[in-house]
Enquirer: 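Got a structure for you, questions after.
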Number of protein chains: 2
Amino acid sequence: MEHLPARPGRTQEDRSAATRASLVQATLSLLLSKGYAATTAVDIAAHAGMTRGALNHHFASKDELVIAAFDLHLALVTTDIRSYAGLVSAGALSLNDFIDRVWTIMSGRFFMLTLEEITAARHNDYLRVQLAGRTRIFHDALDGIWNHFFAQTGLAGAEIEVMLNATLCLLRGMGVQTVLRDDPVYYRRLLQFWKTVMAEQIAAAPHAAMKPPRKEPRR
Amino acid sequence: MEHLPARPGRTQEDRSAATRASLVQATLSLLLSKGYAATTAVDIAAHAGMTRGALNHHFASKDELVIAAFDLHLALVTTDIRSYAGLVSAGALSLNDFIDRVWTIMSGRFFMLTLEEITAARHNDYLRVQLAGRTRIFHDALDGIWNHFFAQTGLAGAEIEVMLNATLCLLRGMGVQTVLRDDPVYYRRLLQFWKTVMAEQIAAAPHAAMKPPRKEPRR
DNA sequence: CAAAAAACATACAACCGCGTATGTATGTAT
DNA sequence: ATACATACATACGCGGTTGTATGTTTTTTG
């Protein structure tokens, strides 16, 4: 590939940032489409429209790139969740809607990034340590959002967290299953079941006297 | 490596079966320790105590080996679950104990095989089709076991299945998380929460008049 | 017991991804 | 304008994986 003219007005910092962003985006995209193992440095560079030399200049190794992609991934997800929380505060999103949205995330192609990252981290000590730390921060942020979400239900903090995490784990487990099981009815039933359970849990909660959410009839 | 003397009494079929089993076992083991991508034909052969020529003689490709390993994996898990179901029938296993045991599976190293298989299947059409079919059969078998498990509670079939699958999905999602989050307290809380939910669901079920499980069961 | 077939072992060639080294262009400071 | 730093490109060699081809041992067959 030839040298691009590279508009003269740009500062080094600009170029650098743009290049890095482009590389990280390409990494994210390739992790999704080809998986961690099959994603090669040449691929990433090509996808980002540059050579391996450039890549190597900005990121010492593929892992550094994957970590940056992980950061981007978490940032995107956090933004989503936060916006949902905003909608909830504004009264524009019910509990059921919230669950549906999280499921949209978990069942989407984008969620599969998580699997790639996790399986990669499992066999790579450095990667695992890096991602684990970031995961912890991410979950703390989620807890904050969730607490805010459920503040109006009057639930205790510990209960809020356990319900958040149960929801996420359930949907995550369902999301994992979508790879080998294509059965929309099955997932819809699970979602419905979970919504019912959540509603019951909230209604039965000790401090839920003030604003009990509408309880849906069983089944 | 030298030729092993190979006891003369064995028939070709015996040798073949033993070799294949050895290769499949080695594949399973390596998928766990190194992951799908890093597992190479040379590795597998070496672990099985033979050369790549032997491997290639019995399995045309790595994928065939992985599929065989998947079969073995499912067979082992099914055996476990079935034995648990047997204990339940014999009155030797409560619902809580059952959940604990499934969690032991999901949080164990062995469960990570699932992640390896799934992420591998995601980028390999042939593998995905093969594993998906086997997964379907596996779940049908599970449904059978589960129905038997809950027969005494008087729950309807559809409810049994949804509760089974919710349990599995929840624990699977938790299992996935163990890679990047080491927090026993966190998982214990989730388990406790789920046991409570399950007990409530069973108690509140329409036909649960005959043998409602005790709330704090201790055989 | 000889021949065939199956179960293995060994060897070689080709490819691929990676690290590294080194060259060139562009921006920046003085 | 010169010198230096940064951003990128190109090239080479190494290790590792795979496919294939071919040799050797064990079992079965007649």
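Chain identifiers are assigned alphabetically (A, B, ...) following the order of the sequence lines, protein sequences preceding nucleic acid strands; residue numbering begins at 1 within each chain.
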Enquirer: Can you tell me if CZ on A:Arg189 sees more than 12 non-hydrogen neighbours from other groups inside 6.0 Å?
Expert: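 No, the 6.0 Å shell around CZ holds no more than 12 heavy atoms from other groups.
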Enquirer: Is it true that the side chains of A:Glu116 and B:His123 contain a donor and an acceptor less than 3.5 Å apart?
Expert: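 Side-chain D/A pair, A:Glu116 to B:His123: present.
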Enquirer: To the side chain of A:Arg52, which of D:dA7, D:dG19, D:dA11 is closest?
Expert: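 From the listed options, D:dA11 comes nearest.
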Enquirer: Quick one: do the B:Ser94 and B:Asp97 side chains pair a donor with an acceptor below 3.5 Å?
Expert: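 The answer is yes; a qualifying pair exists.
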Enquirer: Which residues pass the side chain to side chain contact (heavy atoms under 4.5 Å, CB included) test with B:Ser61, not counting sequence neighbours?
Expert: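 Testing B:Ser61 for side chain to side chain contact (heavy atoms under 4.5 Å, CB included), a comparison that skips the adjacent residues, returns B:Asp63, B:Glu64.
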Enquirer: Given atom CE of B:Met50 and atom C1' of C:dT10, what is their separation to the nearest angstrom?
Expert: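 About 16 Å, once rounded to whole Å.
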Enquirer: Taking DNA chain D as the partner, which of residues 56-65 of chain A come within under 4.0 angstrom of it by heavy atom?
Expert: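 By residue number: A:His57, A:His58.
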Enquirer: Counting only side-chain nitrogens and oxygens, does B:Thr19 get under 4.0 Å of the OP1 or OP2 atom of C:dC8?
Expert: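 Affirmative; the distance criterion is met.
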Enquirer: At less than 4.0 Å, is any side-chain N or O atom of A:Ser16 found next to OP1 or OP2 of D:dA7? Yes or no.
Expert: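 So the side chain of A:Ser16 is within the cut-off, an N or O lying under 4.0 Å from OP1 or OP2 of D:dA7.
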Enquirer: Of the residues in residues 20-31 of chain B, which ones touch DNA chain C at a heavy-atom distance under 4.0 Å?
Expert: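 Close to the strand, none.
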Enquirer: Using the ring of each side chain (for Trp, its six-membered ring), is A:Phe98 parallel, tilted or perpendicular to A:Tyr84, with breaks at 30° and 60°?
Expert: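 Geometry flag for A:Tyr84 against A:Phe98: perpendicular rings.
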Enquirer: Going by side chain to side chain contact (heavy atoms under 4.5 Å, CB included), name the residues that satisfy it together with A:His58, two or more places apart in sequence or in a different chain.
Expert: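 For A:His58 the side chain to side chain contact (heavy atoms under 4.5 Å, CB included) partners, ignoring immediate neighbours, are A:Ser16, A:Thr19, A:Arg20, A:Leu23.
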Enquirer: Heavy atom of residues 36-46 of chain A under 4.0 Å from DNA chain C: which residues?
Expert: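 Those residues whose heavy atoms fall under 4.0 Å from DNA chain C, taken from residues 36-46 of chain A in numerical order, are A:Thr40, A:Ala41.
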Enquirer: Applying a 3.5 angstrom cut-off to the pairing atoms, does DNA chain C sit in any stems of at least three consecutive Watson-Crick or G-U pairs? List them by first number.
Expert: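 Looking at DNA chain C, the stems formed by three or more consecutive pairs are C:1-30 with D:1-30.
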Enquirer: Mind checking what makes side chain to side chain donor-acceptor pair (under 3.5 Å) contact with A:Gln130, not counting sequence neighbours?
Expert: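 Testing A:Gln130 for side chain to side chain donor-acceptor pair (under 3.5 Å), a comparison that skips the adjacent residues, returns A:Arg134.
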Enquirer: Using distance only, find each side-chain donor-acceptor pair of residues 104-115 of chain A under 3.5 Å and give its atom names and separation, not counting sequence neighbours.
Expert:
unit_1, atom_1, unit_2, atom_2, d
A:Thr104, OG1, A:Asp100, O, 2.9
A:Ser107, OG, A:Trp103, O, 2.7
A:Thr114, OG1, A:Phe111, O, 3.0

Enquirer: For A:Gln25, check side chain to side chain donor-acceptor pair (under 3.5 Å) against everything at least two apart and list the hits.
Expert: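 A:Gln25 satisfies side chain to side chain donor-acceptor pair (under 3.5 Å) with no other residue.
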Enquirer: Can you check the B:Leu55 CG to C:dA7 P distance for me, whole Å?
Expert: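 Taking CG of B:Leu55 and P of C:dA7, I get 14 Å after rounding.
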Enquirer: For A:Asp125, what residues pass the side chain to side chain donor-acceptor pair (under 3.5 Å) criterion, not counting sequence neighbours?
Expert: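 In terms of side chain to side chain donor-acceptor pair (under 3.5 Å), with neighbours along the sequence ignored, A:Asp125 is linked to A:Arg128.
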Enquirer: For the pair A:Thr39 (side chain) and A:Leu30 (backbone), establish whether a donor and an acceptor sit closer than 3.5 Å, ignoring hydrogens and angles.
Expert: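 Yes; at least one donor-acceptor contact below 3.5 Å.
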Enquirer: For A:His139, give me all partners under side chain to side chain donor-acceptor pair (under 3.5 Å), at least two apart in sequence or on another chain.
Expert: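 For A:His139 the side chain to side chain donor-acceptor pair (under 3.5 Å) partners, ignoring immediate neighbours, are B:Gln177.
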Enquirer: Filter on ring-ring contact (aromatic ring centres under 6.0 Å, His included), then keep only pairs touching residues 15-48 of chain B, sequence neighbours left out; what's left?
Expert: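 Counting only pairs at least two positions apart or across chains, no ring-ring contact (aromatic ring centres under 6.0 Å, His included) contact touches residues 15-48 of chain B.
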